[in-house]
Amino acid sequence: MFVAMPRRHLLLLLVAFGVSLAVRWPLLNRPLSGHHELCTALVLIALHNWQHDGFLAHHGAPAITVTGPADLIPRGYTDAPALNDGVLYYLSHPPLAFDLPHALFTVTGAAPSALCLQLFNLVFHLTTAIGLYLIVRVVQRKGPAPLFAALLYLFMPAPLWFHGNAYMSDMFVQNAWVWHVLVALRALKSAQGLSWTMATWCGTTLFLTALISWPGVWAGIALVMLALWQWRKLHDPARLRLVAAAIAGIGLALAFTAWRWLQVVDVHALLAYFTGRYAERSGTGIHGAKDILAAIALNYRINWLPLALPLIVFAWKMRGIRSSMHGLMLFTLLTALPSLLEHAFLLDYTRHDFTALKAGLLLCGLGGLGLSALHARWSWAALAASCVAGVLYFCRTNPPLQVDDARFTWQMEQGRSIANEARTDEMVFTLGFTPEPQVQWYAKRTLFRVDDAERARELLDASGNRKGIVFRETTQGMIHERITAE
């Protein structure tokens, strides 16, 4: 099914990946702070709870609050539908992006840590670049376009960050989706009869993609649309096998996810959870759409601006690119439709800049095809300039020489201060401020936001705990006082 990669190209990709690691090395294992490292912290909290309490104790659901007696959420603090027995669960995504690092930590005996999770994430940057190489090689069998596309993907700002420091299901999904695009492209491009084996590969990769995050659903819809279009155009009933495979892959992933989450909440709570999240993320109506679209444009500039030259060259040389236009169109649709569907149905959600990562397969693929149409000397020069620009722009957004700056350490310092001061039998309250997950990760405690000391005492009474500690932010730092239930 797959075309072998020349050893010279593989060696170049490995060397380039090593350079990309060197670029990011100063940023690894720094205190978790901004630019979506709260997502990394959230995953680490869930992995810590699984390792500390046992995976089965939480029925395989990501617990994002701590389970000590003074950490359980009392009745009346929140009406969140994902609350069960005083523990709050994160059910926004299917479970596979949590399961895989948990399995790694379990097998190796390592404790969940930011560095280990980041290194785990980095490995998949290489595999995704290789997957993109193979995809572009389906479109253009000869020439350097596959290598150029993979190298661009290794050095653009979005992959450098979201395959590194920041980790969450909706970023990690890229690593499975790339392989689905590869097998789906080969299946749709095949002029011969489409076998059940190939359809099964499509369904399996779609199942894995959807088991990581919801873009798998968008990818499945795209596959169904293209398969039905080919069935009608070619009068080939074998194309309907792809429709069946897509429905089976997505259906199984959604059913498995629902089964996992229904171990900790009931059906009504799960429906309330997802309808609430959809209402929050969809951005229904036109109010604020202008601001959302401006944020999306900014995200694409921050993450993909260094691809401007390769994409301009592609537009200039498109007619002369020596590739199957049928294959190019299928590649474009397979990679563009899921992103467009996400923008259409989850507009407010796509203001997060990590959602722009999904455009990387399309943009780097087209950029590689464009550069390959130039004379060899000019193509390599343009590639080098684009990759250097990508690294420089990445460093501008994520400055590596400021890892000890207070902007990067204050959340860790807050968390460790709480961990040092709070006793295990004390509920921990934050007066007038809501700490980010980074603070909770370093504190290893559930942090209850209150607006006055009276509310803190009410929560003590509701929980059955007698002691609490209240932290308050001042211009000189955090101060605390201990309270007891009345």
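Just so it is clear, the values below take in all heavy atoms, side chains as well, and ignore hydrogens, waters and symmetry mates.
- Here the CZ atom belonging to R351 is positioned 13.0 Å from the NE2 atom belonging to H343, to the nearest 0.5 angstrom.
- Between the side chains of T205 and H180, at least one donor-acceptor pair of N or O atoms lies under 3.5 Å.
- Interatomic distance, D452 CG to R455 CZ, rounded to the nearest 0.5 Å: 9.0 Å.
- To the nearest 0.5 angstrom, Y442 atom OH is 6.0 Å from M412 atom CE.
- The ring of F354 has its center no closer than 6.0 angstrom to the ring center of Y167.
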* To do: Kindly determine whether N175 and H125 satisfy side-chain hydrogen bond (donor to acceptor under 3.5 Å, both in side chains), including the steps that lead there.
  => CA-CA 8 Å; N175 307 311; H125 189 188; over 6 Å; no

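- Of the N and O atoms on the side chains of T484 and R466, not one donor lies less than 3.5 Å from an acceptor on the other residue.
- In terms of the salt bridge (charged side-chain N to carboxylate O under 4.0 Å, His left out) criterion, residue partners of D71 (sequence neighbours excluded) are, by chain and number, R445.
- Judged by distance alone, with hydrogens and angles left aside, the side-chain atoms of N121 form a donor-acceptor pair with the main-chain N or O of A166 at under 3.5 Å.
- Taking CE of M156 as the start and CG of L305 as the end, the distance is 9.5 Å to the nearest 0.5 Å.
- The environment of R472 atom CZ is sparse: at most 12 non-hydrogen atoms of other residues, nucleotides or ligands sit within 6.0 angstrom.
- Side-chain contact check for I73 versus T65: some heavy-atom pair is nearer than 4.5 Å.
- Contact check for L44 versus L32: side-chain heavy atoms found under the 4.5 Å cut-off.
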What donor-acceptor contacts under 3.5 angstrom involve side-chain atoms of residues 215-223, with partners at least two apart or in another chain?
none

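- Within the 3.5 Å criterion, the main-chain N or O of A269 finds a donor-acceptor partner in the side chain of D266.
- Taking CD1 of I64 as the reference point, atom CG of L88 lies at 4.5 Å (rounded to 0.5 Å).
- Of all heavy-atom pairs spanning L188 and Q230, the tightest one is O-NE2, 2.8 Å.
- Shown here are the ring pair (Phe, Tyr, Trp, His ring centres under 6.0 Å) partners of F256, two or more places apart in sequence or in another chain: W259.
- Contact check for L362 versus L334: no side-chain heavy atoms found under the 4.5 Å cut-off.
- Shown here is D85, whose CG atom has no more than 12 heavy atoms of other residues, nucleotides or ligands within 6.0 Å.
- A parallel orientation is assigned to the rings of H52 and H48, their planes being inclined by less than 30° (bins at 30° and 60°).
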* Mind running salt bridge (charged side-chain N to carboxylate O under 4.0 Å, His left out) on R277 and E280 for me, showing each step along the way? => CA-CA 5 Å; R277 295 295 286 173; E280 178 184 352; 3.3 Å; yes

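- Counting heavy atoms from C-beta outward, L132 and C364 have side chains that approach closer than 4.5 Å.
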* To do: Kindly determine whether E473 and Q414 satisfy side-chain hydrogen bond (donor to acceptor under 3.5 Å, both in side chains), including the steps that lead there.
  => CA-CA 10 Å; E473 289 181 324; Q414 272 195 355; 2.8 Å; yes

* Walk me through it: do L447 and F471 pass the test side-chain contact (heavy atoms from CB on, under 4.5 Å)? => CA-CA 10 Å; L447 308 179; F471 288 88; over 6 Å; no

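- Minimum interatomic distance between S339 and K358 (heavy atoms only, all atoms of both residues): OG-CB, 3.7 Å.
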* After noting the C-alpha distance and the side-chain angles of W50 and F98, does the key distance pass the side-chain contact (heavy atoms from CB on, under 4.5 Å) rule? -> CA-CA 10 Å; W50 282 357; F98 291 83; 3.6 Å; yes

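- Under the 4.0 Å criterion applied to side-chain N and carboxylate O atoms, R416 and E413 are not assigned as salt-bridge partners.
- Taking the six-membered ring wherever Trp is involved, the centroid distance between the rings of H163 and Y153 falls below 6.0 Å.
- N299 and H352 share no donor-acceptor pair across their side chains, judged by distance under 3.5 Å alone.
- What you find for H35 and W161 is that their closest heavy atoms are O-NE1, 2.9 Å.
- Summarising the local packing, NZ of K467 is surrounded by 12 or fewer heavy atoms from other residues, nucleotides or ligands at distances under 6.0 Å.
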* Asked: Are Q118 and E37 close enough, and set up right, to give a side-chain contact (heavy atoms from CB on, under 4.5 Å), and what steps lead you there?
  -> CA-CA 11 Å; Q118 289 162 356; E37 286 186 305; 4.2 Å; yes

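- Separation of atoms CG (L330) and CD1 (I135) is listed at 12.5 Å; rounding is to 0.5 Å.
- The two residues C202 and L242 make their nearest non-hydrogen contact at SG-CD2, 3.7 Å.
- Exactly one residue among Y278, W177, Y349, F274 makes a ring-ring contact (aromatic ring centres under 6.0 Å, His included) with W214. That residue is F274.
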* **From CA spacing to verdict: side-chain contact (heavy atoms from CB on, under 4.5 Å), F448, M427** => CA-CA 8 Å; F448 300 93; M427 291 184 71; 3.5 Å; yes

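- In this structure, F105 and P101 have side chains that are in contact, with non-hydrogen atoms separated by less than 4.5 Å.
- A donor-acceptor pair under 3.5 Å links the side-chain atoms of R24 to the main chain of L160, judged by distance alone.
- Within the 4.5 Å cutoff, no side-chain heavy atoms of T128 are placed close to those of W179.
- Across all their heavy atoms, S463 and N465 have their closest contact at OG-ND2, 2.9 Å.
- Pairing each heavy atom of L298 with each of R301, the nearest pair is CD1-NH2, 2.8 Å.
- Checked by atom type, the side-chain pair Y77/R449 shows no donor-acceptor distance below 3.5 Å.
- No side-chain heavy atom of T67 sits less than 4.5 Å from a side-chain heavy atom of T446.
- With a 4.5 Å cut-off on side-chain heavy atoms, H58 and N49 count as touching.
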